[in-house]
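What follows is a short report on a single structure.
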Number of protein chains: 2
Amino acid sequence: MKKITIGEAARQSGVKVPTIRYYESIGLLSELSRSEGNQRSYEPSDLDRLAFIRHARELGFEIEAIRTLLHLQDDPHQPCASADAIAKARLIEVEQRIRSLNALKAELELMVEGCGHGRVDQCRVIEVLADHGKCAHPHH
Amino acid sequence: MKKITIGEAARQSGVKVPTIRYYESIGLLSELSRSEGNQRSYEPSDLDRLAFIRHARELGFEIEAIRTLLHLQDDPHQPCASADAIAKARLIEVEQRIRSLNALKAELELMVEGCGHGRVDQCRVIEVLADHGKCAHPHH
DNA sequence: CCTACATCCTCTAGCGACTAGAGGTGCAAG
DNA sequence: CTTGCACCTCTAGTCGCTAGAGGATGTAGG
């Protein structure tokens, strides 16, 4: 069991030092050991947990969802229906967000294209912002 | 000049009452008049401004960007290059976000499809989260 | 004129997920 | 033994609101 410092754990996991301490403070990391001088020390399983959290955060899961997923991981004989449900919910969120961003993209492109680079009173960017009715897709 | 209350302004602009007060507190709305009893009163130009802010927020512009856009709108003889730049920057952000979300979507779909609805120790959702290397596209 | 009730007012605190900084301790190298 | 970095705890700040307390105003009905 090689124990490493929080700085080294940060380097290896890609999670920043204050963020690791934050995750500990909100109870995402199981109790970990301290050195004589009260410094945190991490072992490989802690690094796995940090990597799990980081990956889940990158995929946009909320902390509370991650807490549930970690509980499931800790108890591998549970049925995985809830993990499945969490991932599916996230997928639906992502799909909606993509649709909405595509609409925004279209709107922004029209604005930027329509800008004649003159003065503000002829600027399509300002004009469209001021009048929602000038949007191509009035859904947002 | 018909003056209306904050509640009516909220109804007409689609911006909630506390949010209108918040925008005023951070200086997004120009000085507005009050009734005898110290209640805010709004006129049509204030409603236009609220609609502008709301539309810009829906398009994802940050408050500070909106502050700049409002200054530009207030002074229509300025060149519109900065409005253009703000909109372009936002467009680039949106495009990046869409790309990144599409990658997440692919990952989540693989996770959800691969889940055999059995127990956690065979669950692909947990497995992939735990091991970034199992991602199809290891870019995030 | 009085009462009831909705709406308004100000002020402070809370959300999520960190991030920044102050002020102090531990530890390894020279 | 000192230098200097990495660590510790704690508090407060970020963004864009949102919620709630506690009180004032405005309006409609009796």
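Quick caveat: nothing in here was measured; it's all calculated off a predicted structure. Below, each value reflects all heavy atoms present in this structure, side chains not excepted, and no hydrogens, waters or symmetry copies.
- Phosphate contact (OP1/OP2 of dC15(D), side-chain N/O of Tyr22(B), threshold under 4.0 Å): absent.
- OP1 or OP2 of dC9(C) lies within a sub-4.0 Å distance of a side-chain N or O belonging to Arg21(B).
- Glu24(A) and Arg21(A) are not joined by a salt bridge, as no carboxylate oxygen comes within less than 4.0 angstrom of a charged side-chain nitrogen.
- Of the two residues contacting DNA chain D, namely Gln39(B) and Glu64(B), the nearest-nucleotide position lying further toward the 5' end is that of Glu64(B).
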Would you check, one step at a time, whether the test side-chain contact (heavy atoms from CB on, under 4.5 Å) holds for Arg49(B) with Asp74(B)?
-> CA-CA 10 Å; Arg49(B) 208 169 170 92; Asp74(B) 290 342; 3.0 Å; yes
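- Distances shown here put every side-chain N or O of Arg40(A) at or beyond 4.0 Å from the OP1 or OP2 atom of dG26(C).
- Note on Arg54(A): every side-chain N or O is 4.0 Å or more away from OP1 and OP2 of dA17(C).
- Between Thr5(A) and dA6(D), a side-chain N or O to OP1/OP2 separation shorter than 4.0 Å is absent.
- Backbone-only engagement by Glu62(B) is indicated by non-hydrogen atom pairs under 4.0 Å involving sugar-phosphate atoms exclusively.
- Close to dT18(D), at under 4.0 Å from its OP1 or OP2, lies a side-chain N or O of Lys16(B).
- Taking only side-chain nitrogens and oxygens, Thr19(A) comes nearer than 4.0 Å to OP1 or OP2 of dT19(C).
- Contact of the Leu129(B) side chain with the Leu69(A) side chain is registered, since non-hydrogen atoms from C-beta on lie closer than 4.5 Å.
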Between Leu28(B) and Ile63(B), is a side-chain contact (heavy atoms from CB on, under 4.5 Å) present by the stated rule, with each step listed?
-> CA-CA 9 Å; Leu28(B) 278 197; Ile63(B) 294 286; 4.3 Å; yes
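- Residue whose closest nucleotide on DNA chain C sits further toward the 5' end, between Asn38(A) and Ile6(B): Ile6(B).
- A sub-4.0 Å separation between OP1 or OP2 of dC18(C) and a side-chain N or O of Tyr23(A) is present.
- Each of Ser35(B) and Arg57(B) was assigned the nucleotide of DNA chain D with the nearest heavy atom; the assignment lying further toward the 5' end belongs to Arg57(B).
- Side-chain nitrogen and oxygen atoms of Arg34(B) include none within less than 4.0 Å of the OP1 or OP2 phosphate oxygen of dC8(C).
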